[in-house]
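Working notes for the structure below.
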Amino acid sequence: MQKISISFELPTVSMPHKIWPYFTDFSLRKLWETDLEEFTITGEMKSGVNGLFKLENMPAMKVVLSTVLINRELTERFDIPDIGALFFSHQIIEYSDNKYAIKAVIELEPTVELSSKVCYDFLKNISNDIIDKAFLLKELVEK
């Protein structure tokens, strides 16, 4: 099966330098990603660095920062056994001068053949709150 993705984009009046810390600083990230219990990395905030990520009622998972573009994009990769690679991308999109958007992208790259139902159920489960979190982040960065 090919890669599957879901995205949500929300305009904001906030500048990238104000949004960025909400992606990278655990104390700020927890304000909008309210089910986040742990997010640590081993080293600098740059592409290829490993870390640990834990959500409520879930086991801790290894995370790899697959893309780090300061004030633009933070993409995290999780390797899910018997499913594939799961990417969560937090992006700051520039429409034009001083017009921006917060964009969330979830991508699944199955490494095994999965039925449409398995893919649907998996993505539905992990993407249920993408809109809630984006609106909460927008509210926080626009204060």
Side-chain angles (χ1 to χ4, degrees), residues 1-95 99-143:
M1 179 173 276
Q2 298 291 331
K3 176 174 66 175
I4 303 168
S5 67
I6 298 168
S7 67
F8 182 74
E9 192 170 310
L10 185 62
T12 182
V13 295
S14 288
M15 302 289 285
H17 70 273
K18 183 163 183 188
I19 301 166
W20 183 252
Y22 284 86
F23 295 162
T24 60
D25 180 313
F26 175 74
S27 62
L28 294 175
R29 186 156 170 178
K30 189 160 178 44
L31 296 175
W32 62 273
E33 196 162 359
T34 56
D35 55 349
L36 183 61
E37 291 184 350
E38 183 177 355
F39 177 53
T40 56
I41 60 167
T42 54
E44 295 178 51
M45 182 67 65
K46 64 180 187 178
S47 300
V49 171
N50 293 321
L52 196 63
F53 191 92
K54 181 170 181 348
L55 297 175
E56 288 176 357
N57 304 315
M58 298 289 290
M61 299 183 295
K62 179 184 171 192
V63 61
V64 176
L65 303 182
S66 63
T67 305
V68 178
L69 302 171
I70 296 172
N71 291 332
R72 290 187 26 219
E73 177 182 346
L74 174 65
T75 300
E76 303 147 348
R77 176 189 172 124
F78 301 88
D79 291 314
I80 311 295
D82 301 320
I83 293 185
L86 180 65
F87 298 87
F88 284 93
S89 187
H90 311 285
Q91 301 174 13
I92 303 164
I93 306 298
E94 184 173 6
Y95 292 139
K99 295 201 186 285
Y100 301 95
I102 297 165
K103 184 174 183 178
V105 181
I106 300 171
E107 293 181 340
L108 173 63
E109 288 183 1
T111 55
V112 295
E113 191 60 39
L114 299 173
S115 71
S116 290
K117 173 138 179 51
V118 168
C119 286
Y120 171 85
D121 291 344
F122 182 76
L123 286 171
K124 177 92 168 132
N125 184 48
I126 62 170
S127 66
N128 265 346
D129 59 358
I130 189 174
I131 295 170
D132 296 338
K133 288 179 178 180
F135 270 93
L136 184 51
L137 176 58
K138 174 185 167 68
E139 181 181 311
L140 289 165
V141 300
E142 290 183 353
K143 281 185 179 180

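Bear in mind the structure is a predicted one, so any value in this text is a computation, not a measurement. Quick note: residue numbers are just sequence positions, from 1.
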| request: Would you check if the side chain of Thr42 reaches a backbone N or O of Asn50 as a donor-acceptor pair within less than 3.5 Å? | output: yes
| Criterion side-chain contact (heavy atoms from CB on, under 4.5 Å) against Leu65, the qualifying member of Lys46, Met45, Glu44 | Met45
| Quick one: CZ on Phe53 to CD on Glu38, what's the gap to the nearest 0.5 Å? | 10.5 Å
| said: Contact between Leu74 and Trp20 at the side-chain level, heavy atoms closer than 4.5 Å - yes or no? | reply: yes
| field | Gap separating the NZ atom of Lys138 from the CG atom of Leu136, nearest 0.5 angstrom | value | 12.5 Å
| Test item: Glu109 side-chain N/O and Gly84 main-chain N/O as donor-acceptor pair under 3.5 Å | no
| query | Of all heavy-atom pairs between Leu55 and Glu33, which one has the smallest distance, and what is that distance? | reply | CD2-OE2, 4.2 Å
| Would you call His90 and Ile19 a side-chain contact if the rule is heavy atoms closer than 4.5 Å? | no
| If you take all heavy atoms of Leu36 and Lys30, which pair is closest and at what distance? | O-NZ, 2.7 Å
| request: Start with the C-alpha gap between Lys133 and Phe8, add the side-chain angles, then the distance that decides, and say whether side chain to side chain contact (heavy atoms under 4.5 Å, CB included) holds. | output: CA-CA 10 Å; Lys133 288 179 178 180; Phe8 182 74; over 6 Å; no
| task | List the atom of Tyr100, the atom of Ser14, and the distance in Å for their closest heavy-atom pair. | result | CD1-O, 3.5 Å
| said: Applying side chain to side chain contact (heavy atoms under 4.5 Å, CB included) to Leu137 and Leu10, what does each step give before you reach the verdict? | reply: CA-CA 10 Å; Leu137 176 58; Leu10 185 62; over 6 Å; no
| remark: What one should report as the nearest heavy-atom pair of Leu108 and Cys119 is CD2-SG, 4.3 Å
| said: As an exercise, state the distance from CZ of Phe88 to OG of Ser66, rounded to the nearest 0.5 Å. | reply: 12.0 Å
| said: I need the minimum non-hydrogen distance between Ser7 and Val105, along with the two atoms involved. | reply: CB-CG2, 3.8 Å
| query | Which atom pair, heavy atoms only, marks the closest approach of Thr111 to Ala85? | reply | CG2-N, 4.4 Å
| said: I'd like to know whether Phe23 forms a side chain to side chain contact (heavy atoms under 4.5 Å, CB included) with Phe39, so could you lay out the CA-CA distance, the side-chain angles of the two residues, the decisive distance to 0.1 Å, and finally the verdict. | reply: CA-CA 10 Å; Phe23 295 162; Phe39 177 53; over 6 Å; no
| Do the side chain of Trp32 and the main chain of Tyr22 share a donor and acceptor less than 3.5 angstrom apart? | yes
| query | Hey, are Glu107 and Ser89 close enough side-chain-wise for a donor-acceptor pair under 3.5 Å? | reply | no
| query | Near Leu52 CG, under 6.0 Å, is it more than 12 heavy atoms from other residues, nucleotides or ligands? | reply | yes
| request: Tell me, yes or no, whether the heavy-atom count around Tyr120 atom OH, taken from other residues, nucleotides or ligands under 6.0 Å, exceeds 12. | output: no
| remark: Rounding to 0.5 Å, atoms CD1 (Ile106) and CD1 (Ile130) come to a distance of 4.0 Å
| request: Say whether, by atom type as modelled, one donor and one acceptor occur between the side chain of Ser115 and the main chain of Val118 under 3.5 angstrom. | output: yes
| task | State, with a plain yes or no, whether a side-chain heavy atom of Ile92 is found less than 4.5 Å away from one of Ile102. | result | no
| said: Measuring only between side-chain heavy atoms, which start at C-beta, is Ile80 closer than 4.5 Å to Phe122? | reply: yes
| request: Mark yes or no for whether Thr40, through its side chain, and Gly51, through its backbone, hold a donor-acceptor pair below 3.5 Å. | output: no
| query | More than 12 non-hydrogen atoms from neighbouring residues, nucleotides or ligands closer than 6.0 Å to CG on Asn57, yes or no? | reply | no
| query | Do other residues, nucleotides or ligands put more than 12 heavy atoms under 6.0 Å from Arg72 CZ? | reply | no
| remark: CE of Met15 to CD of Glu94, rounded to nearest 0.5 Å, is 8.0 Å
| said: Would the distance check show the side chain of Lys117 and the main-chain N or O of Asp121 forming a donor-acceptor pair, the cut-off being under 3.5 Å? | reply: no
| query | Just how far is it from atom CE of Met61 to atom CZ of Arg77, taken to the nearest 0.5 Å? | reply | 13.0 Å
| Sub-4.5 Å side-chain heavy-atom contact between Asp35 and Asp129 | yes
